[in-house]
Amino acid sequence: MHLSDIITVPKVVLHDHLDGGLRPATIIELAREHGYDALPTEDPRALAEWFRDAADSGSLERYLETFAHTCAVMQTQGALERVAAECAEDLAADGVVYAEIRYAPEQHLERGLTLDEVVDAVNAGFREGERRARGRITVRTLLTGMRHTDRSLEIAELTVAHRDRGVAGFDIAGGEVGNPPARHLTAFQHLKRHNCHFTIHAGEAVGAESIHEAVGICGAERIGHGVRITDDITVHDDGTASLGHLAAYVRDNRIALELCPTSNLQTGAAKDYATHPIDLLRGLGFRVTLNTDNRLVSGTTMSQEFQHMVRAFGYGPEVFEEFTVAAIESAFLPLPERQRLIDEVIRPGYAALATQPTR
Ligand SMILES: O=c1[nH]cnc2c1ncn2[C@@H]1O[C@H](CO)[C@@H](O)[C@H]1O
Ligand SMILES: [Zn+2]
């Protein structure tokens, strides 16, 4: 599949951080406006490289340190609106038709904004971005609680308060070691009481135990990464596999795994593309989705993630259609809207590719 075809076909991203995907030139401009002088360089190309290299450390903690620079310039209403609008534009230009973009409102209060003002500014930016993209993309947000702080209940309440107005659900993120999901149980209970969607970053830096807590104790509908579910899967010499109870539960309940291969290589959750568990998990019938995690920090796009999969596993359009439909089916969007995107956008987009003369 040519890159131009990969860009053209409809794609869905469920796991992409707003503060991990800024345009480098925008960071530099906003830093000047805000008087932030700690950027490692003021050259956009060099800055993009700096993020990718600094994040390429084999450790999730080191990967997360780079976000200090993006969050530093996302502290005003104007900056948040701009970053969100550009995010929608960039995704639309890459052929993404539906995106759930997450960020942690508590990280944007340094210059006096309230949590509600942060959410309103980001929502306004996304509506502007959708307009600029002339309706080619729909964006919803997930509000993230940081797992090392103690504001998750407050962020869960914020999610409920802003639901149906651009906010589709909740997530927790940040360093996984030492901050297990169940530490935020009251937040998840609040969401459940209000029938509100949530996903949990789990099984990235910690193994099956973290996924078990996320699913079995907290009740996550999807798993952010979840790549270490392989801890509960035994692959035998003859190629067959046995699933433990946790892996079977995740697979049998169609709990989506928000896999992000490039990010996994950077944080050490996987060794290389060719041995990334995505292909094993897909083969075993897990609901697999392909995502970017952080377009700037991981130096990637949805099309590039697709391309890596073409090279590693020889995937063609039928597999990408499968990933895209799986993603939209697991989206925190009302069923009729998901169905409309499948019938009117995704299926026709892949059908159009299939009828093109081969190039
Ligand atoms: O892959 C990840 N694992 C865990 N936390 C992450 C990952 N990517 C980003 N963040 C964290 O989520 C915050 C809100 O968007 C970011 O500031 C970053 O600290
Ligand atoms: Zn993430």
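First listed ligand is number 1; within each ligand, the first listed atom is number 1.
- A salt bridge links E42 and R32; the closest N-O separation between the charged side-chain nitrogens and carboxylate oxygens is under 4.0 Å.
- Close contacts of ligand 1 with Q107, meaning ligand atoms under 4.0 Å from a residue heavy atom, involve 13 (C), 14 (C), 16 (C), 17 (O).
- With ligand atoms numbered from 1 in the order given, ligand 1 contributes 4 (C), 5 (N) to contacts under 4.0 Å with heavy atoms of G174.
- Protein N/O/S atoms found under 2.8 Å from the Zn ion (ligand 2): H15 NE2, H17 NE2, H201 NE2, D293 OD1.
- Under a 4.0 Å N-O distance rule, the pair R222/E100 qualifies as a salt bridge.
- Looking at E213, its side chain does come within 3.5 Å of a backbone N or O of A182 through a donor-acceptor pair.
- Judged by distance alone, the side chain of N253 and the main-chain N or O of Y249 form a donor-acceptor pair under 3.5 Å.
- With D19 contributing its side chain and T70 its backbone, the two residues share no donor-acceptor pair below 3.5 Å.
- Note on E322 versus R287: no salt bridge recorded, every NZ/NE/NH1/NH2 to OD/OE distance being 4.0 Å or above.
- E49 and R52 are not joined by a salt bridge, as no carboxylate oxygen comes within less than 4.0 angstrom of a charged side-chain nitrogen.
- Sorted by first and then second residue, the salt bridge (Lys or Arg N to Asp or Glu O under 4.0 Å) pairs with a member in residues 162-176 read R102-D171; sequence neighbours excluded.
- From the protein, the heavy atom lying nearest to atom 19 (O) of ligand 1 is M146 CE, 3.5 Å.
- A salt bridge is defined here as a Lys NZ or Arg NE, NH1 or NH2 lying under 4.0 Å from an Asp or Glu carboxylate O, and R127 with E130 meets this definition.
- Here the protein heavy atom with the shortest distance to atom 16 (C) of ligand 1 is D19 OD2, 3.0 Å.
- By the criterion of a heavy-atom distance under 4.0 Å, neither the backbone nor the side chain of E176 is placed next to ligand 1.
- No more than 12 heavy atoms of other residues, nucleotides or ligands sit less than 6.0 Å from atom NE2 of H245.
- Of the protein's heavy atoms, H17 CE1, 3.2 Å lies nearest to atom 9 (C) of ligand 1.
- Of all the heavy atoms of D293, the ones lying under 4.0 Å from any atom of ligand 1 belong exclusively to the side chain.
- At a heavy-atom cutoff of 4.0 Å, ligand 1 is contacted by the side chain of F67 but not by its backbone.
- Residue contacts with ligand 1: E204 is placed with a nitrogen or oxygen under 3.5 Å of a nitrogen or oxygen of the ligand (distance criterion only).
- Listed by number with element, the atoms of ligand 1 under 4.0 Å from a non-hydrogen atom of Y103 are 15 (O).
- Among D171, L64, T66, L60, the residue whose heavy atom sits closest to atom 6 (C) of ligand 1 is L64.
- Between E29 and R82, at least one side-chain N (NZ, or NE/NH1/NH2) sits under 4.0 Å from a carboxylate O, which counts as a salt bridge.
- For the ligand labelled ligand 1, residue H225 lies inside the 4.0 Å heavy-atom shell.
- Scanning the protein for heavy atoms near atom 8 (N) of ligand 1, the closest one is N294 ND2, 3.0 Å.
- Between D16 and R295, at least one side-chain nitrogen of the basic residue sits less than 4.0 Å from a carboxylate oxygen of the acidic one, meeting the salt-bridge criterion.
- When each of R151, H190, H194 is paired with E157, the side-chain contact (heavy atoms from CB on, under 4.5 Å) condition holds for H190 and for no other.
- Neither the backbone nor the side chain of L18 has any atom closer than 4.0 Å to an atom of ligand 1 (non-hydrogen atoms only).
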